[in-house]
Amino acid sequence: MSEEKSLNFIEEIISQDLASGKHASILTRFPPEPNGYLHIGHAKSICLNFGLAKRFGGATNLRFDDTNPTKEETEYVDSIKADVKWLGFDWVKECYASDYFDQLYAFAIQLIEKGLAYVDDSTAEQIAIQKGTPTVPGTGNEFRNRSIKENKTLFEAMKAGEFEDGAKVLRAKIDFASPNMHMRDPLLYRIKKAHHHRTGDAWCIYPMYDFAHGQSDSIEHITHSVCTLEFIPHRALYDWCIEQLGIFPSHQYEFARLNMTYTIMSKRKLLQLVQEEQVQSWDDPRMPTISGMRRRGYTPESIRDFCERIGIAKRENIIDFSLLEFCVREHLNKIAQRRMVVTNPVKLVITNYDKGEEVLHSENNPEDPEGGVRDVPFSNELWIERADFMEEPTKKYFRLGPDLMVRLKSAYIIKCDSFEKDAAGNVQTIHASYFPESKSGSDTSGLHVKGTLHWVSAKHAVPVILNEYDRLFSVEDVAGAEGDFKDYINPNSLTTTNAWAEPALINDSLDARFQFIRKGYFYQDTSSTKDKLVFNRTVTLKDAWAKEQKK
RNA sequence: UGCCUGAUGGUGUAACGGUAGCACAACUGUUUUUGGUGCAGUUUGUCUAGGUUCGAAUCCUGGUCAGGCAACCA
């Protein structure tokens, strides 16, 4: 018997609702506002909502919460759809709150007729003052006593465009003494003479979140409406609207949103980074956006795995970025094609190699026996990493140095005989001799070495550009840090370098995943072309040597 | 000094009155033609004070701490 994975608290509720017959099947929804690009926090919500439906045999709607025309754009709608699809999920219906504007308007009229909503002429400031404070009850005002007839006439006039923005609002008549601020006569509709990305200029009044979200859930017969913790105080109002309107009783459940170390999860701040050109775009590979992560080389599988591992609960959390990195490494290790790329090159001459050149073979993925091999040209002049040579090797240094031996990956064991420096004192050329009988795959030399280096043949190498990324911010808890979050931007979050690559990369497919041996996982950037290959580093390899060096 | 949430190793997350488990991180060892991978192992935890009980992370009471709650945003 394998142990079943325990249910999170929402799965617990659903399984009880199904068992008790409260619902025959479930319907969830993912309800983004199209005012920005989706980020990894949304991925958590997407995996939750679609995952719930998948697990319990239900379905999920994609619904755009587009009730604020001044912030929303079609560009965002398109990117959101692309991101959800890329993550591997399909919605049963594509919905828009704006599709319900007529229905929502009718609901408002219904409330007015029940004496539960009124038109208020107060200014925003007056309304704020009259609301009181969390510890002091609100007062309300004379507009609260308007007749049903007058309210209806006024609301119709609002819809007809007879008033300017801000001149009037529609409010629910609930309770100014409520300890829940959201129940102190919340706003239902406001006037905004703005162009909507879908309804154009058909409307000049738009419903507030609280008068759109729950009703949209209800109209679609959403059984379990899952949102984040900050909406807990809204639930009373959510339920109030549904009850007063007598419509399908959707229920809201709340879980803690995702926070991660060294990054931010606020759409507003993300937008700021884009607008102020701290990053290049929404899909800059340093961004925690789904599109940024895609461009950087993260796989949908690894993001889904991550969302599975972080779990769902109600307590605030901040997840180590290293968990995400673990997830992507774990997947990429299994699927990435191995290639050799040298970034900071130094010339290695094999003095006793007189064959000129030969073609060697190297496995594409040691994790995958079926992965096959590729041709790798070898010659007497190679590029190796400068960091792989030390004039005066320290203890535990397994690489090259005077009289030291290493294996060249998939080639031969070599021994360093001498080296030359330039005028500035930098090592310029390393001379070595090779052992012909140590050839990979048919090694009869009996030699054993601790280090294996990657290399490229100098005359066969092709130039590539590497974008190597570091964390976007220099502190763990960016949102919790004092002052402006932009003060913590890591100035070295992007390093672009020129490198030499083995020629196989030229013919590799555009969306292939690579591991550049001993360097990390890389993915071709959207700007990459055959003439100018550009790779983004998705994530480094674990580096035990770097840790050792710090000691 | 209102209301609402919440509190389990460094970080997450389980345990539904009965052995505090799992993952990541960290650290050992081992394997390895990637200082990668794999494998084996180690370290670290129930906010606090009482109470109920044979037995409490779990139930009760008080306290402490953290977060949220006021926008013509969602």
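Only this structure's heavy atoms are used, side chains among them; waters, hydrogens and symmetry mates stay out. Just so it is clear: chains get the letters A, B, ... in the order the sequence lines come, proteins before strands, and each one is counted from 1.
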Worked verdict on Thr261(A) versus Asp320(A) for side-chain hydrogen bond (donor to acceptor under 3.5 Å, both in side chains): CA-CA 5 Å; Thr261(A) 55; Asp320(A) 280 343; 4.6 Å; no
For Asn35(A) and Asn68(A), run side-chain hydrogen bond (donor to acceptor under 3.5 Å, both in side chains): C-alpha distance rounded to whole Å, both residues' side-chain angles, the deciding distance at 0.1 Å, then the answer. CA-CA 9 Å; Asn35(A) 66 342; Asn68(A) 186 352; over 6 Å; no
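Gly132(A) comes within contact range of at least one nucleobase, with a heavy-atom separation under 4.0 Å. Residue Glu548(A) is classed as having no contact, given no heavy-atom separation below 4.0 Å to the nucleic acid. Contact annotation for Phe231(A): base contact, defined as any heavy-atom pair under 4.0 Å involving a base atom. Residue contacts shown for Arg399(A) include a base, since a base heavy atom lies under 4.0 Å away. Within 4.0 Å of Ile312(A), counting heavy atoms only, lie sugar-phosphate atoms of the nucleic acid but no base atom. Among the heavy atoms of the strands lying under 4.0 Å from Phe398(A) is at least one base atom, whether or not backbone atoms are also near. Within the 4.0 angstrom heavy-atom criterion, base atoms lie near Ser122(A). Using a 4.0 Å heavy-atom criterion, one finds that Gln515(A) contacts the bases of the nucleic acid, with or without backbone contacts as well. Using a 4.0 Å heavy-atom cutoff across all strands shown, Arg184(A) reaches no nucleic acid atom at all. Among the atoms of the strands shown, base atoms are found under 4.0 Å from some heavy atom of Gly441(A). Counting non-hydrogen atoms under 4.0 angstrom, Lys439(A) reaches a base of the nucleic acid. Nucleic acid contact for Lys547(A): sugar-phosphate only, since backbone atoms but no base atoms lie under 4.0 Å from a heavy atom of the residue. Within 4.0 Å (heavy atoms only), Tyr397(A) reaches at least one base atom of the nucleic acid. If you check every strand for non-hydrogen atoms under 4.0 Å, His234(A) touches a base.
Here C73(B) is the nucleotide among C24(B), G2(B), C73(B) with the atom lying nearest to any side-chain atom of Lys192(A). Distance from the side chain of Glu33(A) is smallest for C73(B) among the nucleotides C73(B), G35(B), A70(B). In this structure, of C72(B), U34(B), C4(B), it is C4(B) that holds the atom nearest to the side chain of Ile232(A). The side chain of Ser6(A) has A15(B) as its nearest neighbour among A26(B), G36(B), A15(B). Closest approach to the Lys542(A) side chain among G35(B), G36(B), A74(B) is made by G36(B) (side chain taken as heavy atoms from C-beta onward).
Secondary-structure stems of RNA chain B, taken as three or more successive Watson-Crick or G-U wobble pairs (i with j, i+1 with j-1) under a 3.5 Å distance threshold, comprise B:2-7 with B:64-69, B:10-13 with B:21-24, B:26-30 with B:38-42, B:47-51 with B:59-63.
You'll find the ring centres of Phe378(A) and Trp455(A) inside the 6.0 Å limit. Taking the ring centroids of Tyr353(A) and Tyr434(A), they lie under the 6.0 Å cut-off.
In summary, the side chains of Tyr238(A) and Gln252(A) do not present any donor paired with an acceptor at a separation below 3.5 Å, with no hydrogens or angles considered. No side-chain donor from either of Thr228(A) and Glu254(A) sits under 3.5 Å from a side-chain acceptor of the other.
A salt bridge links Asp185(A) with Arg144(A): the closest approach of a Lys/Arg side-chain nitrogen to an acidic carboxylate oxygen falls below 4.0 angstrom. Using a 4.0 Å cut-off between charged nitrogen and carboxylate oxygen, Asp99(A) and Arg198(A) count as a salt-bridge pair. The pair Glu33(A)-Lys71(A) does not meet the salt-bridge criterion, since no charged nitrogen lies less than 4.0 angstrom from a carboxylate oxygen.
Using a distance-only test at 3.5 Å, with no hydrogens or angles considered, no donor-acceptor pair links the side chain of His196(A) to the main chain of Pro69(A). Using a distance-only test at 3.5 Å, with no hydrogens or angles considered, no donor-acceptor pair links the side chain of Asp305(A) to the main chain of Glu301(A).
Taking the P atoms as reference points, C27(B) lies 28 Å from C47(B), given to the whole Å. Of the C1' atoms belonging to A70(B) and G12(B), the separation is 33 Å, rounded to the nearest Å. Going from the P atom of C24(B) to that of G36(B) covers 16 Å, rounded to whole Å.
Rounded to whole Å, atom P of U31(B) lies 11 Å from atom NZ of Lys450(A). A straight line from CD1 of Ile413(A) to P of U34(B) spans 12 Å, rounded to a whole angstrom. Straight-line distance from the OH atom of Tyr521(A) to the P atom of U34(B): 13 Å, rounded to whole Å.
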Provide a list of protein-nucleic acid N or O atom pairs under 3.5 angstrom, restricted to nucleotides 10-12 of chain B.
from, atom 1, to, atom 2, distance (Å)
G10(B), N2, Asp320(A), OD2, 3.3
U11(B), O3', Ile318(A), O, 3.0
U11(B), O2', Ile318(A), O, 2.9
G12(B), OP1, Ile318(A), N, 2.8
G12(B), O2', Ile310(A), O, 2.9

